[in-house]
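To start, the structure under review is shown below, and the notes come after it.
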Amino acid sequence: MTNACKDYLNFWRYALNTTEEAKRSEYWFPTLAHIAFFTVLMLADKENLENEPGEQFIPTPLNQIYMAFAVLTFIPTYTMFQRRLNHLGISKSIAHVIYAFNSLGYMWVLALNKMSQREIEDKIGRKNFMILASLIGVFYTVELILAARKGRN
């Protein structure tokens with residue numbers, strides 16, 4: 001079995017464990033595999049891929065698979081990030097703050113998917129939308145930068 005497979009299996013094996021440590025590869029292989037899976041699902045969803053910017057999001061079976069997988073992997077991804085911070089010797093409170101913002105951002109994106117572009121601009125405003133999107137982007141970036149750091153030997 002390859003190291004990538006072992007790292008992905010460790011993602012599920014230690015899904016609820018926040019006390020152990022995770023190497024960089026144990027963080028990156030599952031993360032990249034999930035990004036690839038979500039990308040394939042999004043590209044396969046022809047009904048929403050071809051939507052115009054003002055059109056409303058169309059619920060499809062692929063969306064349900066996407067959502068089910070996102071819900072299924074949410075807690076294991078959080079615990080994996082905590083294990084990665086354990087390996088780096090960084091406080092777990094950073095993981096709590098980052099994942100709180102990422103969770104709020106995720107719920108925000110879900111809510112926005114149910115609105116058209118015009119409704120978003122009317123309810124939120126373009127400026128507030130850009131501020132919130134930027135904050136979420138910053139917290140995702142901080143997570144990725146922390147996870148990419150070299151750990152203790």
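Both W12 and I75 sit in one connected hydrophobic cluster of ILVMFWY residues. Membership requires side-chain heavy atoms under 4.5 Å apart, directly or through other members. Cluster membership check: V97 shares its hydrophobic cluster with Y27, using side-chain heavy-atom separations under 4.5 Å among Ile, Leu, Val, Met, Phe, Trp and Tyr. The hydrophobic clustering, which links ILVMFWY residues whose side-chain heavy atoms are closer than 4.5 Å, places L16 and F81 together. In the hydrophobic clustering of ILVMFWY residues, with side-chain heavy atoms under 4.5 Å counting as a link, F74 and L85 come out together.
Here the closest non-hydrogen pair linking S25 and P30 is O-CD, 3.8 Å. In plain terms, the two heavy atoms of Y14 and T79 that are nearest each other are O-OG1, 3.8 Å. Shown here for M80 and T31, the closest heavy-atom pair between the two residues is CE-OG1, 3.8 Å. In terms of heavy-atom proximity, R84 sits nearest to K23 at NH1-C, 3.6 Å. Across every non-hydrogen atom of F11 and P76, the tightest pair is CZ-CB, 3.5 Å.
In terms of the side-chain hydrogen bond (donor to acceptor under 3.5 Å, both in side chains) criterion, T39 has no residue partners (sequence neighbours excluded).
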Check your understanding: Would Y8 and H34 count as a side-chain contact (heavy atoms from CB on, under 4.5 Å) if you check the C-alpha gap in whole Å, the side-chain angles of each, and the deciding distance to 0.1 Å?
Key -> CA-CA 10 Å; Y8 192 75; H34 294 164; 3.0 Å; yes
Review point. Are E26 and K6 close enough, and set up right, to give a side-chain contact (heavy atoms from CB on, under 4.5 Å), and what steps lead you there?
Key: CA-CA 8 Å; E26 289 177 5; K6 288 178 185 175; over 6 Å; no
**Study point:** Residue pair H96, Q82: steps toward the side-chain contact (heavy atoms from CB on, under 4.5 Å) verdict
**Key:** CA-CA 9 Å; H96 299 316; Q82 280 196 335; 3.0 Å; yes
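Side-chain contact of N86 with R83: a donor-acceptor pair under 3.5 Å is absent, judged by distance alone.
To the nearest 0.5 Å, the span separating CG on N3 from CZ on F29 amounts to 7.0 Å. A distance of 11.0 Å separates SG of C5 from CG of N10, quoted to the nearest 0.5 Å.
Residue pairs meeting the side chain to side chain donor-acceptor pair (under 3.5 Å) criterion with at least one partner in residues 64-75, sequence neighbours excluded, are absent.
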